[in-house]
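Every chain is numbered from 1 and lettered A, B, ... according to where its sequence line falls, protein lines coming before strand lines.
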There are 2 protein chains.
Amino acid sequence: MLTKPSQEPCEVSGCHAYNALLRRLDANDARVFRDATRTKKFPVGRTLFSQGETCEQLYFIESGLVGLRRSDENGNSALLRLCRAGESLGYRAITAGAAHQNTAEVLASSQVMIVSKSVLRWLAHRNTEFSGGFLGFALNALNQTEAICAELLTARLKDRLLSLLAMFDERVVGSESSQRFEIELPIQRKDLADLLGTNPASLSRTIARLHKDGDVRFNGRRVLVLKPEALKKEASRFWVQS
Amino acid sequence: MLTKPSQEPCEVSGCHAYNALLRRLDANDARVFRDATRTKKFPVGRTLFSQGETCEQLYFIESGLVGLRRSDENGNSALLRLCRAGESLGYRAITAGAAHQNTAEVLASSQVMIVSKSVLRWLAHRNTEFSGGFLGFALNALNQTEAICAELLTARLKDRLLSLLAMFDERVVGSESSQRFEIELPIQRKDLADLLGTNPASLSRTIARLHKDGDVRFNGRRVLVLKPEALKKEASRFWVQS
DNA sequence: TGGGCGCCTTGACCTCGGTCAAATCGCCAC
DNA sequence: GTGGCGATTTGACCGAGGTCAAGGCGCCCA
């Protein structure tokens, strides 16, 4: 995919963030950028980078799912949010010239494009608008993190779970209103629990309650949504315009 | 302060963010920027801008305290975080060309510098590194919001309160370890409760518990810290390096 | 000096969700 | 199949914190 001499240099990858950066470069620099890109597959459980490390690379998620985790010295560890296909990672530490503030752990097997810091520095030096791209990434991340934060401040576990479910399927915001449909969860219960700030036991109980109320039926990682409007109501927070 | 012909153009205001932007401009543009700046005092309860509005101005907090609040259509409203003297507001909506995602409400009487969007646009057009400044602001905000998020995901109300107290006094991270000292809270209970994701009643009970345990003694807005090490332990999350 | 009005605290009550241990399920290798 | 192991659910228990209403306190103003 990266080697084909594309006629339309704006769409050379399946990663939105990658394309957004590429669009800010002239043909020549775009070639440099593409040539410096390599692709790697990461299995579940692997980490792209760890909190405290200095940043060496810029990452672009082509497929899969990566979680950002933050720990403190008291031993607490929180799974802050998910990064999906199309997103970029590592730009924060590179731009700030600081260590990674979070650990990026692979939650579902992911295909990732990688560009080394040195190439990036070289390009950024020649293209001052380059940082405009990162600014866009940061603003999106900030908005989403604030949405999550707002939810943690106000919503109950049950509603947070519904809202999280809504994240995993774009049909939730689609038009086919009252149709039941199925979502395939890409991650396991422990991770879901971490994202919600709870533990697998409590999560399991909440799922049982939803089941009993007839809203949503869980079967392992398959989730049958019986009342889409319940999800829709909760979904809104996450879909800030990007 | 803004009119004096400064010899050292880097430090013309008491606002760190303002100075950071100014430093990215040459002498000429810096003058344009300064001349376009006006100062305004906002009393408690006023808002700088509201969620959903289009952004017309860039704000710099010289003194006081501003809170960012996010509401959703279900009627929930969360006070996300505090913006203190030195911070900038409004750059997100301007940069993204979108509406404000949050409401900025004045929690403690504030002195604010204001620059109109049109001037900013003009300057940003001539100075492509300008967005690098905003990127820095966004990365800081993101880090802090993540820290708050992590705390909400893992910590109990009591510990979140201690951590919030620590925010209000830099002595907490200082060296004078075991000395008791006093903090003057700039905001009222309701706002504290909102920041912690709780209500005044529960907050009051938590305060009473801290009082009984001999850690911290509240007297209205005056807080006597008896065991600084208790605060120190919690403070760490918020002081990510900027 | 005595309302009046916010702000804050307290009481009573109860639900949500945390904790720990045991049981069950699902999956893979042998 | 069968044992093993991790993932998930369930049970039993209980504590943190939500809710609503009443009470106290401080402050301003007439």
Pairwise 5' ranking along DNA chain C for Leu203(A) and Gln188(B), keeping only the more 5' one: Gln188(B)
Sidechain N-carboxylate O distance under 4.0 Å for Glu146(A), Arg70(B): yes
Proximity to the side chain of Arg205(B) - top-ranked nucleotide from dT19(C), dA12(C), dG18(C): dA12(C)
Nearest-angstrom distance from the residue atom CZ of Arg189(A) to P of dC27(C): 13 Å
Under-4.0 Å salt bridge between Arg222(A) and Glu184(A): yes
Sugar-phosphate only, base, or nothing, as touched by Thr206(A) at under 4.0 Å among non-hydrogen atoms: nothing
Modelled atom types, side-chain donor and acceptor of Thr145(B) and Arg81(B), under 3.5 Å: yes
Atom-pair distance (CZ on Arg222(A); P on dG26(C)), nearest Å: 15 Å
Pair Lys190(B) + Asp194(B), salt bridge at N-O below 4.0 Å: yes
Distance in angstrom units between Arg209(A) CZ and dC16(C) C1', rounded: 7 Å
Aromatic ring pairing His100(B)/Phe49(B), orientation class (parallel under 30°, perpendicular over 60°, tilted between): parallel
Contacting residues from residues 214-221 of chain A, given that a heavy atom lies under 4.0 angstrom of DNA chain D: none
Upstream residue (5' side of DNA chain D) when Leu157(B) and Ala201(B) are each assigned their closest nucleotide: Leu157(B)
Cys15(B) side chain reached by Ile61(B) side chain, heavy atoms, under 4.5 Å: no
Donor-acceptor side-chain pairing of Thr103(B) and Arg69(B) below 3.5 angstrom: no
Check: Asn143(A)/Arg92(B) side-chain N/O donor and acceptor closer than 3.5 Å: yes
Gap between atoms CZ and C1', on Arg160(A) and dG18(C) respectively (whole Å): 13 Å
NZ (Lys40(B)) with more than 12 external heavy atoms under 6.0 Å: no
Length of the line joining Lys190(A):NZ and dT19(C):C1', which is rounded to integer Å: 13 Å
Closest nucleotide among dT9(C), dG18(C), dT10(C) to the Arg156(B) side chain: dG18(C)
Parallel, tilted or perpendicular, as decided by the 30° and 60° cut-offs, for the rings of Phe60(B) and Tyr18(B): perpendicular
Chi angles and distances behind the salt bridge (Lys or Arg N to Asp or Glu O under 4.0 Å) call for Arg160(B), Glu151(B): CA-CA 7 Å; Arg160(B) 299 209 304 277; Glu151(B) 192 159 63; 5.9 Å; no
Terminal axes of the helix from dT1(C)-dA30(D) to dC30(C)-dG1(D) (five pairs each): angle between them, nearest 10 degrees: 30°
Donor + acceptor pair across side chains of Ser13(A), Glu62(A) (<3.5 Å): no
Distance, rounded to the nearest Å, where Asn76(A) contributes CG and dG18(C) contributes P: 14 Å
Boundaries of the DNA chain D segment in contact with chain A, non-hydrogen, under 4.0 Å: dA7(D) to dG18(D)
Spacing between Leu196(A) atom CG and dC16(C) atom C1', to the nearest angstrom: 14 Å
For atom CG of Leu161(A) and atom C1' of dG17(C), their distance in whole Å: 14 Å
